[in-house]
Number of protein chains: 2
Amino acid sequence: MATGRTHRPATRSRGIPEATVARLPLYLRALTALSERSVPTVSSEELAAAAGVNSAKLRKDFSYLGSYGTRGVGYDVEYLVYQISRELGLTQDWPVVIVGIGNLGAALANYGGFASRGFRVAALIDADPSMAGKPVAGIPVQHTDELEKIIQDDGVSIGVIATPAGAAQQVCDRLVAAGVTSILNFAPTVLNVPEGVDVRKVDLSIELQILAFHEQRKAGEEAVADAGVVPPAARKQQPSTDQGPDGDVPAVMPA
Amino acid sequence: MATGRTHRPATRSRGIPEATVARLPLYLRALTALSERSVPTVSSEELAAAAGVNSAKLRKDFSYLGSYGTRGVGYDVEYLVYQISRELGLTQDWPVVIVGIGNLGAALANYGGFASRGFRVAALIDADPSMAGKPVAGIPVQHTDELEKIIQDDGVSIGVIATPAGAAQQVCDRLVAAGVTSILNFAPTVLNVPEGVDVRKVDLSIELQILAFHEQRKAGEEAVADAGVVPPAARKQQPSTDQGPDGDVPAVMPA
DNA sequence: CCATCTTTGTGCACGCGTTCACAAAGACAT
DNA sequence: ATGTCTTTGTGAACGCGTGCACAAAGATGG
């Protein structure tokens, strides 16, 4: 997982569970691929495989949207694409502002996955005056001063923060004050937002750290003669030979 | 959440729950900040606030690592930084290869969060021959042909895929065959990997879609007197006001 | 040394999400 | 029509994660 979200009570979650919502885009992607191949229908089993999930889970997910399948046959691809798109709100146009046009911001601006799903980059914003006017992905970068005006004029409700950590909260505050109610945060900071504003975060460093944890466990496992579940195959992994005063894998404790 | 991982049985989870592992990097970041300010100790309440979580949850998380706190006082910052780092395996050196040096790959190569946490970019790899030798973030890009050699010579066990979707599975297969056992995937595809290999994915488009869902719900909520689950009806939303105690912050509208 | 105050560590209950397993629904062949 | 076969939709059980609430541990002050 690369994401986390500010805890929304899920109180009046009229219907669709959060976990299901998070998978809908996955199904949508798989369905779109099928659609492009002109496949008319698909079974839960096939679609589940394509999306990388369990088929029972997929069927239950779809059951929250309604009964769109036909027993004995499966699901109509086109119809399902439409239903999921609608449920996710992708039949609308969502203008998005990206704040912080460094390497990452530029990469995001160029990312094709945005436009292809109903998202439109309304503006690129950076605090550096020398960036102003410079085109990135065909869109001229604008200065931070324009932030509020752009948001209000274009009716932007989704903002992407790709600034350094130090600037993130400030940018966030301005976005929210100007009317943005959903934020995708790439800066490695915890954002404080008022209730009613959704924040999702993506932190590359965190993802790697989680991988490192599992990697370490995998490596340590064999060393300790584990008659484990999985024959983890030939591990290359040179001898760790790293620091660690008392370096040891176990979680045990001194003191 | 921007991430998902291939389901690992978690069977003989030597203790630490997956959810806790995912939060450890968060705590570590907050603790590092405290450490830099030379704060000697911190209470679960304070640290939880800084990390954006519940204090009870934080205490329970730490309890999985051992009893590192002192009642009536709190946690020793430096000691905790060390323990968490060790638990996550960050006291080791983790060479990482990044495959696919487009906008995103370049952004990743330049990302400071890697080096600062024990990760070292061992190589940048791209399929485009014209990229070869060109330095990105001070590191010369190498051609895909070198992939296996690099992985084996440097003992790389973590790979980052930032290629187009079409190339991802192929790259993944080669990485795995060469000995990589942990993969961070930015390509919008489901990767098939043998058991024992961890995959985490980050999909920007998916994150935005999840935000759009909530955004749509926020907008439609007051417009309608909460209709049923099944007939959400295509709302072309021309929302009134956003929710909130005494909501201002108009949810505005796209063009 | 005793009382009081702070803060940890955790037992417990609850709710969400996952998975199994199967009845019902429909397609299809005869 | 009737029977068979496929696949959905879902009831129910289970397990994980979360949050409450409190007893125990230790600091601190008298």
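Letters A, B, ... mirror the listed sequences (proteins, then strands); counts begin at 1. Bear in mind the structure is a predicted one, so any value in this text is a computation, not a measurement.
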**Student:** Of the nucleotides C:dG17, D:dA25, D:dT7, which one has an atom closest to the side chain of A:E18?
**Tutor:** C:dG17
**Student:** Please give, in whole Å, the distance from D:dC5 P to A:R71 CZ?
**Tutor:**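 The answer, rounded to whole Å, is 19 Å.
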**Student:** Given atom CG of A:L58 and atom C1' of D:dT7, what is their separation to the nearest angstrom?
**Tutor:** 12 Å
**Student:** Roughly how many Å is it from CZ in B:R23 to P in D:dG17, rounded to a whole number?
**Tutor:** 9 Å
**Student:** May I have the distance from A:F62 (atom CZ) to D:dT8 (atom P), rounded to whole angstrom?
**Tutor:**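 The distance from CZ of A:F62 to P of D:dT8 comes to 10 Å, rounded to the nearest Å.
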**Student:** Counting only non-hydrogen atoms, which of residues 39-56 of chain B are less than 4.0 Å from DNA chain C?
**Tutor:** B:S43, B:S44
**Student:** Could you pick out which residue, B:G74 or A:G72, lies toward the 5' side of DNA chain C when each is mapped onto its nearest nucleotide?
**Tutor:**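 By nearest-heavy-atom nucleotide position, the 5'-most residue is B:G74.
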**Student:** Can you check the A:K57 NZ to D:dT10 P distance for me, whole Å?
**Tutor:**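 That distance rounds to 18 Å.
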**Student:** Check the distance between D:dC16's P and B:Y64's OH and give it to me in whole angstrom.
**Tutor:** 10 Å
**Student:** Is there any side-chain hydrogen bond (donor to acceptor under 3.5 Å, both in side chains) pair reaching into residues 39-51 of chain B, and which pairs are they, with sequence neighbours excluded?
**Tutor:**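 Those involving residues 39-51 of chain B are B:S43-B:E46, B:S44-B:R59, B:E45-B:S55.
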**Student:** Nearest to the side chain of A:P17, heavy atoms from C-beta on, is which of C:dG17, D:dG19, D:dA24?
**Tutor:** C:dG17
**Student:** What nucleotide, of D:dT8, C:dT10, D:dA23, holds the atom closest to the side chain of A:Y75?
**Tutor:** D:dT8
**Student:** Could you check which of C:dG9, C:dG17, C:dA25 has an atom nearest any side-chain atom of A:A19?
**Tutor:** C:dG17
**Student:** Nearest whole angstrom, please: distance from the P of C:dT10 to the CG of B:D61.
**Tutor:** 13 Å
**Student:** Is there a side-chain contact between B:K60 and the phosphate of C:dT10, meaning an N or O under 4.0 Å from OP1 or OP2?
**Tutor:** no
**Student:** Side chain of A:T32, backbone of A:L28: donor and acceptor closer than 3.5 Å?
**Tutor:**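 Flag set: sc A:T32 to bb A:L28 pair under 3.5 Å.
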**Student:** Looking at the side chain of B:R59, which of C:dG17, C:dT8, D:dT18 is the nearest nucleotide?
**Tutor:** C:dT8
